[in-house]
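What follows is a short report on a single structure.
Heavy-atom basis, side chains included; hydrogens, waters and symmetry copies ignored.
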Amino acid sequence: MRKFVLIYVILAAAFAIITTILQIEPALTVISWVMESDGRFMVVLPLAILFIAALIPMFIIVAIFNIINAKKQDTQPELLDQTSIIVRRDKSLYGGVFAMDILIDQKKMATVTLGKSRQILLPMGEYDLSIKAMGKACEPVKISLNENKALEFQVGFKLGGTMQSIYIEQITG
């Protein structure tokens with residue numbers, strides 16, 4: 001039993017020393033990288049690097065969520081001879097991780113993700129079509145459905161604007 005206790009104490013001490021060295025040496029290296037010439041530690045750079053590194057898993061999770069959500073969307077065949085609207089999401093990368101809600105008269109009717117389209121069957125009449133993403137909605141577009149055909153719209157984020165710059169373009173009419 002004495003040998004066991006002696007070996008265990010030696011191994012525990014070695015483990016503590018090695019663990020401490022493995023923590024201190026990389027920390028000293030990083031600190032030396034961000035030290036200013038007068039010896040002050042510049043905390044902003046390591047904080048920024050750590051913050052960005054901590055955000056990477058979130059981006060991966062959001063991308064996986066959007067892939068799963070896109071696969072769940074109905075792949076209803078587009079019946080162009082019925083009174084409906086078809087909303088196509090552009091395939092641009094800009095704003096691609098954000099799903100867009102399709103609002104008819106301020107009521108959510110469907111969600112469309114990157115590169116997908118949704119068809120919404122509606123009775124003939126006048127409607128306000130708008131798109132909502134990231135808590136912001138664009139200006140409603142007045143549409144009039146008065147014959148048995150589908151109106152097609154393309155939606156997405158405007159390149160060069162802010163992430164809240166959403167556009168709706170009518171493709172057919």
Side-chain angles (χ1 to χ4, degrees), residues 26-27 30-31 33-34 36 41-173:
V30 171
I31 289 171
W33 290 345
V34 294
E36 293 184 3
F41 180 67
M42 197 171 52
V43 73
V44 175
L45 184 61
L47 185 62
I49 292 170
L50 187 60
F51 180 69
I52 290 169
L55 289 178
I56 291 172
M58 181 199 63
F59 289 125
I60 294 170
I61 291 168
V62 168
I64 291 170
F65 174 78
N66 280 335
I67 290 169
I68 291 170
N69 195 25
K71 297 220 183 269
K72 284 183 180 179
Q73 285 188 5
D74 295 335
T75 54
Q76 181 177 1
E78 296 174 356
L79 305 171
L80 297 176
D81 60 344
Q82 290 191 7
T83 307
S84 64
I85 63 166
I86 299 171
V87 179
R88 298 184 190 283
R89 174 76 188 270
D90 65 2
K91 294 183 181 180
S92 67
L93 186 58
Y94 190 70
V97 296
F98 301 104
M100 294 182 140
D101 295 332
I102 303 167
L103 306 174
I104 304 291
D105 294 333
Q106 301 300 319
K107 294 180 185 170
K108 180 180 173 182
M109 300 297 284
T111 301
V112 65
T113 58
L114 189 64
K116 301 292 180 185
S117 64
R118 294 298 299 250
Q119 182 175 19
I120 301 171
L121 300 173
L122 294 168
M124 291 183 200
E126 302 279 326
Y127 300 97
D128 286 333
L129 169 67
S130 63
I131 303 298
K132 184 177 181 181
M134 299 176 4
K136 302 278 185 178
C138 68
E139 287 294 320
V141 173
K142 296 244 182 242
I143 58 172
S144 178
L145 298 173
N146 48 12
E147 54 185 70
N148 286 337
K149 71 175 188 173
L151 296 178
E152 291 184 67
F153 295 88
Q154 176 140 351
V155 298
F157 289 99
K158 291 180 184 174
L159 186 61
T162 64
M163 290 302 284
Q164 288 84 10
S165 299
I166 302 169
Y167 75 88
I168 300 176
E169 290 178 352
Q170 187 167 348
I171 300 172
T172 63

What is the minimum heavy-atom distance between [X] and [Y], and which atoms define it?
X: Ser84; Y: Leu121; result: CB-CD2, 3.6 Å
X: Ile86; Y: Ser117; result: CG2-CB, 4.4 Å
X: Val112; Y: Val87; result: CG2-O, 4.1 Å
X: Ala99; Y: Ala133; result: O-CB, 3.8 Å
X: Ala110; Y: Ile120; result: CB-CD1, 4.2 Å

Quick one: side chain to side chain contact (heavy atoms under 4.5 Å, CB included) partners of Lys108, sequence neighbours excluded?
->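 Only Asp101, Leu103, Thr111 meet the side chain to side chain contact (heavy atoms under 4.5 Å, CB included) criterion with Lys108.
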Please identify each residue that fulfils side chain to side chain contact (heavy atoms under 4.5 Å, CB included) with Ile52, with sequence neighbours left out.
-> none
At what distance, to the nearest 0.5 angstrom, does [atom1] of [X] lie from [atom2] of [Y]?
X: Phe153; Y: Ile143; atom1: CZ; atom2: CD1; result: 5.0 Å
X: Met124; Y: Leu145; atom1: CE; atom2: CG; result: 8.5 Å
X: Leu151; Y: Tyr127; atom1: CG; atom2: OH; result: 11.5 Å
X: Thr113; Y: Arg118; atom1: OG1; atom2: CZ; result: 9.0 Å
X: Glu126; Y: Lys142; atom1: CD; atom2: NZ; result: 8.0 Å

Intermediate values then yes/no, side-chain contact (heavy atoms from CB on, under 4.5 Å), Glu152 and Arg88 = CA-CA 7 Å; Glu152 291 184 67; Arg88 298 184 190 283; 2.8 Å; yes
Take Asp128 and Ile104 through the test side-chain contact (heavy atoms from CB on, under 4.5 Å) and record every step on the way to the result.
-> CA-CA 6 Å; Asp128 286 333; Ile104 304 291; over 6 Å; no
Worked verdict on Gln106 versus Ser130 for side-chain contact (heavy atoms from CB on, under 4.5 Å) | CA-CA 7 Å; Gln106 301 300 319; Ser130 63; 4.2 Å; yes
Output all residues satisfying salt bridge (Lys or Arg N to Asp or Glu O under 4.0 Å) with Asp105, sequence neighbours left out; order by chain, then residue number.
-> none
